[in-house]
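Okay, so here's the structure we're looking at.
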Amino acid sequence: MYINKKFQNLIDLAKQKNDDYKKAKPFPHIVIDNLFDEILLDKVLNEFPENINQIGDKFDNKVEKKLSLNNTNKFSLETNNFINYLNSEQFINFLQNITNIEEKLIPDPYLIGGGLHELREKGYLNVHADFNVHPTMKLDRRLNLLIYLNKDWKNEYGGSLELWDKNMKKCEKKIVPYFNKVVIFSTTD
């Protein structure tokens, strides 16, 4: 099973949390600790490609310095199965219910901006707004889902996810990227 046993009824969880999601500042979002089964995420982490710098994409510009892999042919079986679950009707319905987005959500089979990401020493993601129109499907990108796999994370590493105001002038919330921390947030123009 993919979901932590204490969250087996995702629709109930979504109904409990959707008001928190809508009212969150600086924009709609929710942070959920330990949503996924820890054994499953341990497997995904243990199978994380050590050679992502050779088989994935490298980004090194003003906005980001990171490694990324969205080619499912290069994922482990466990990772592929997990991502398929995240794109499943059951999980998409959970996202639909927690966010109250009226239009039916459509998962991204291309994982544009998705998949596996790694920031190594001196890596960064500067303050930015993500793209909001899918380059291939030409649909509005409505949500981001982040699942952190950082074991033994120390606050002195920095690297918290910062949620900034619309003008990108002030950080309004910091989220420390501990293992099995899930962040779901709306994306708009």
Side-chain angles (χ1 to χ4, degrees), residues 1-45 68 70 72 75 77-117 125 128-150 160-166 171-189:
M1 194 61 185
Y2 297 103
I3 299 295
N4 183 327
K5 289 179 183 172
K6 72 179 185 177
F7 297 121
Q8 285 303 303
N9 190 327
L10 285 179
I11 298 304
D12 284 349
L13 175 63
K15 288 176 183 173
Q16 291 168 16
K17 300 283 187 185
N18 66 10
D19 201 45
D20 294 340
Y21 182 90
K22 287 187 295 190
K23 292 179 179 177
K25 300 291 180 200
F27 48 80
H29 72 277
I30 193 107
V31 178
I32 304 172
D33 289 320
N34 303 309
L35 177 63
F36 296 106
D37 179 78
E38 191 169 321
I39 294 170
L40 163 77
L41 287 187
D42 276 333
K43 288 179 184 176
V44 171
L45 177 60
S68 172
N70 64 355
T72 58
F75 291 168
L77 179 62
E78 198 71 54
T79 300
N80 246 326
N81 288 341
F82 181 51
I83 288 176
N84 287 337
Y85 171 74
L86 296 174
N87 285 318
S88 72
E89 181 179 11
Q90 178 187 17
F91 197 76
I92 296 298
N93 284 340
F94 163 70
L95 294 173
Q96 191 88 47
N97 282 288
I98 204 167
T99 62
N100 286 322
I101 292 174
E102 292 179 21
E103 303 84 9
K104 279 305 243 181
L105 294 174
I106 299 170
D108 177 10
Y110 306 102
L111 302 179
I112 304 296
L116 303 175
H117 296 258
L125 285 173
H128 68 281
D130 285 336
F131 68 89
N132 63 337
V133 176
H134 193 284
T136 303
M137 300 185 336
K138 306 301 182 207
L139 297 171
D140 288 338
R141 183 181 191 193
R142 301 300 305 274
L143 290 177
N144 269 343
L145 169 74
L146 306 177
I147 305 164
Y148 288 99
L149 299 176
N150 301 310
S160 291
L161 172 65
E162 296 181 349
L163 305 183
W164 287 56
D165 65 8
K166 284 186 178 189
C171 174
E172 294 194 15
K173 184 172 187 175
K174 287 187 179 190
I175 301 165
V176 180
Y178 295 121
F179 182 79
N180 204 355
K181 183 175 290 285
V182 175
V183 183
I184 303 166
F185 58 93
S186 294
T187 57
T188 67
D189 58 356

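- In this structure, Gly115 and Phe75 approach most closely via the heavy-atom pair CA-CZ, 4.1 Å.
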- Query: Passes side-chain contact (heavy atoms from CB on, under 4.5 Å), Leu35 versus Leu10? Steps please.
  - Reply: CA-CA 10 Å; Leu35 177 63; Leu10 285 179; 4.2 Å; yes
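- In this structure Lys166 satisfies the salt bridge (charged side-chain N to carboxylate O under 4.0 Å, His left out) test with no other residue, sequence neighbours excluded.
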Got a list of side-chain donor-acceptor pairs under 3.5 Å for residues 81-88, not counting sequence neighbours?
unit_1	atom_1	unit_2	atom_2	d
Asn81	ND2	Leu77	O	3.4
Asn84	ND2	Asn80	O	3.3
Asn87	ND2	Ile83	O	3.4
Ser88	OG	Tyr85	O	2.6
Ser88	OG	Phe91	N	3.3

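- Of the inter-residue distances, the one linking Ile11 atom CD1 with Gln90 atom CD reads 8.0 Å to the nearest 0.5 angstrom.
- When every heavy atom of Lys22 is checked against every heavy atom of Pro28, the shortest pair comes out as O-CG, 4.3 Å.
- Side-chain contact check for Ile98 versus Lys17: some heavy-atom pair is nearer than 4.5 Å.
- Taken from CG in Leu149 to OH in Tyr178, the straight-line distance is 15.5 Å, to the nearest 0.5 Å.
- Between Pro177 and Asn150, the shortest heavy-atom distance links the atoms O-ND2, 2.8 Å.
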- Report the C-alpha distance between Glu172 and Asp165 in whole Å, list the side-chain angles of each, state the deciding distance to 0.1 Å, and finish with yes or no for side-chain contact (heavy atoms from CB on, under 4.5 Å). CA-CA 7 Å; Glu172 294 194 15; Asp165 65 8; 3.3 Å; yes
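- Partners of Thr99 by side-chain hydrogen bond (donor to acceptor under 3.5 Å, both in side chains), not counting sequence neighbours: none found.
- Looking at Ile101 and Leu143, their side chains come closer than 4.5 Å, going by heavy atoms from C-beta outward.
- Under the 4.5 Å side-chain criterion, counting only non-hydrogen atoms from C-beta, Ile3 is not in contact with Phe94.
- Side-chain contact between Leu146 and Val31: absent, with no pair of heavy atoms (C-beta onward) separated by less than 4.5 Å.
- You'll find the side chain of Thr187 stays beyond 4.5 Å of the side chain of Phe27, heavy atoms only.
- Interatomic distance, NZ of Lys181 versus CD1 of Ile175, reported as 7.5 Å (0.5 Å rounding).
- Rounding to the nearest 0.5 Å gives a distance of 12.5 Å between CZ of Arg142 and CG of Leu95.
- Side-chain contact between Asn18 and Asn97: absent, with no pair of heavy atoms (C-beta onward) separated by less than 4.5 Å.
- By the salt bridge (charged side-chain N to carboxylate O under 4.0 Å, His left out) test, Glu162 pairs with Lys174, sequence neighbours left out.
- A pairwise comparison of heavy atoms in Val182 and Ile184 identifies CG1-CG1, 4.0 Å as the closest pair.
- Between Phe131 and Gly113, the closest heavy-atom pair is CE2-CA, 4.3 Å.
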- Message: The test is side-chain contact (heavy atoms from CB on, under 4.5 Å); show your working for Gln96 and Leu105 and say whether it passes.
- Response: CA-CA 7 Å; Gln96 191 88 47; Leu105 294 174; 3.4 Å; yes
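- Expressed to the nearest 0.5 Å, how far CD1 of Ile106 lies from CG of Asp140 amounts to 10.5 Å.
- Using a 4.5 Å heavy-atom threshold, the side chains of Tyr148 and Val183 count as touching.
- Nearest heavy-atom pair, Phe179 versus Asp42, reported as atom, atom and distance to 0.1 Å: CZ-OD1, 3.6 Å.
- Residues Asn93 and Lys104 are in side-chain contact: their nearest non-hydrogen atoms beyond the backbone lie under 4.5 Å apart.
- For Tyr110, there are no side-chain hydrogen bond (donor to acceptor under 3.5 Å, both in side chains) partners two or more places apart in sequence or in a different chain.
- The distance from the CD1 atom of Ile30 to the OG atom of Ser186 is 11.0 Å, given to the nearest 0.5 Å.
- Residue pairs meeting the side chain to side chain donor-acceptor pair (under 3.5 Å) criterion with at least one member in residues 2-16, sequence neighbours excluded, are Asn9-Asp12.
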